Amino acid sequence: MNEKLEEIRRRTLENIARAKNLEELNEVRLTVLGKRGELKELMKGMRELSAEERPKFGQLVNDVRQMVEQELADRKSRMEEELLNRKLASETIDVTLPAKKIKLGHRHPNTRVLDEVERIFIGMGYEVVEGPEIEYDYYNFEALNIPANHPAKDEQDTFYINKDILLRTQTSPVQVRVMEKGKLPIRMIAPGRVFRADEVDATHSPSFHQIEGMVIDKNITMADLKGTLLEFAHKMFGENVRLKFRPHHFPFTEPSAEVDVSCFKCGGKGCRFCKGEGWIEILGCGMVHPDVLRMSGIDPEEYQGFAFGVGLERISLLKYEIDDMRLLYENDDRFLSQF
């Protein structure tokens, strides 16, 4: 048995030295030290030895086991080191190369303009109010003095979910909801996304943004409206701009007007930007119609108010001299990075 043990020791050391990788080395370990390995099988023959021989033979087996385990550990360590060195050599990183540049984004032109508009009106004591984009027909039309079959509905053709619910065509429904609460006076602007069944072109989109404002208080007149809009125009377009009010018709205001601002590029002389007219249309406005006040539970004999609405994209196009509204939504980094 001693000769057999010596044979196992010699052969195992040779196999450890010949192993080419960790898999082969593990096979050598299992062959000798496994549960059914050669040393386990050899130990079964100890029953044939005398009581005096068994301890000595057991010690020899343990010595061989420890020697094999040590050789396996050393060989494995050398293999892992060689493997790591080969991997490091093949995956060398040149630390002198420039790092990947992290590109930071910035605010969209619409966001920049909206922030500026909100800052202007908050500075005048207004509150910013938001409302649902999916709205009832009552709030979007009827409560704004636009009953069923009114021609104004054709001008604001929209997307209906059913006969009573639609995607809002304006943010005026937010004003109605605020008026219904009965907390007077009111000074508010309502920015948000609106929807109309428009064809996509340089100045139209089925989804765009509006900013509508409203003031309800005692003794409010058209002069208050004009003063407010003039202050807004000065802050947004420059202190030298002038306003021009043209009579117009809106179902929810009376009297109503379209507002033009003098061209802030040529000072009103006429240029390419204002198409030679010297004036640029920017918004619609008027005094809140008495019927709108009544439907919201406000006595028009005691309270009056004015309202106005401006397209956010309209202001963005003017402020940044953009000639096509579609550029704002195409997400072309070459365009957006200019702002």
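Small disclaimer: the values here were computed from a predicted structure and weren't measured. Reckoned from all heavy atoms, side chains included, excluding hydrogens, waters and symmetry mates.
A salt bridge links Lys265 with Glu321: the closest approach of a Lys/Arg side-chain nitrogen to an acidic carboxylate oxygen falls below 4.0 angstrom. The residues Arg294 and Asp299 are annotated as not salt-bridged, no charged nitrogen and carboxylate oxygen being separated by less than 4.0 angstrom. Salt-bridge check for Asp198 with Arg196: failed, with every basic side-chain N at 4.0 Å or more from each acidic carboxylate O. The pair Glu14-Arg10 counts as a salt bridge, with a side-chain nitrogen and a carboxylate oxygen less than 4.0 angstrom apart. Asp217 and Arg187 are joined by a salt bridge, as a carboxylate oxygen and a charged side-chain nitrogen come within less than 4.0 angstrom of each other.
Remark: the Gln175 side chain and the Tyr139 side chain contain no N/O donor-acceptor pair separated by less than 3.5 Å. Asp137 and Tyr160 share a donor-acceptor pair across their side chains, judged by distance under 3.5 Å alone. Side-chain contact check for His204 and Glu199: no donor-acceptor pair (N or O, by modelled atom type) lies under 3.5 Å.
Counted within 6.0 Å of CD1 on Ile134, heavy atoms from surrounding residues, nucleotides or ligands total 12 or fewer; the atom is thus considered open. Atom NZ of Lys244 is surrounded by more than 12 heavy atoms from other residues, nucleotides or ligands within 6.0 Å. By the 6.0 Å contact criterion, NZ on Lys226 is open, its count of non-hydrogen atoms from other residues, nucleotides or ligands being 12 or less.
By the ring pair (Phe, Tyr, Trp, His ring centres under 6.0 Å) test, Tyr329 is found to be paired with no residue, residues two or more places apart in sequence or in another chain being considered.
Residue Leu318 is grouped with residue Phe335 when hydrophobic side chains (ILVMFWY) are merged at heavy-atom distances under 4.5 angstrom, including chains of intermediate members. Cluster annotation: Phe195 is not connected to Leu328 through the hydrophobic network of ILVMFWY side chains, with a link wherever side-chain heavy atoms come within less than 4.5 Å.
The aromatic rings of Phe252 and Phe250 sit parallel, their planes meeting at an angle under 30°, below the 60° perpendicular limit. Using bins of under 30°, 30° to 60° and over 60° for the plane-to-plane angle, the ring pair Phe237/Phe264 lands in the parallel bin.
The nearest pair of heavy atoms linking Ser296 to Val176 is OG-CG1, 3.9 Å.
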For residues 109-118, tabulate all N or O donor-acceptor pairs below 3.5 Å that involve a side-chain atom, not counting sequence neighbours.
| unit_1 | atom_1 | unit_2 | atom_2 | d |
| --- | --- | --- | --- | --- |
| Asn110 | OD1 | Ser316 | OG | 2.9 |
| Arg112 | NE | Tyr320 | OH | 3.3 |
| Asp115 | OD2 | Arg107 | NH1 | 2.7 |

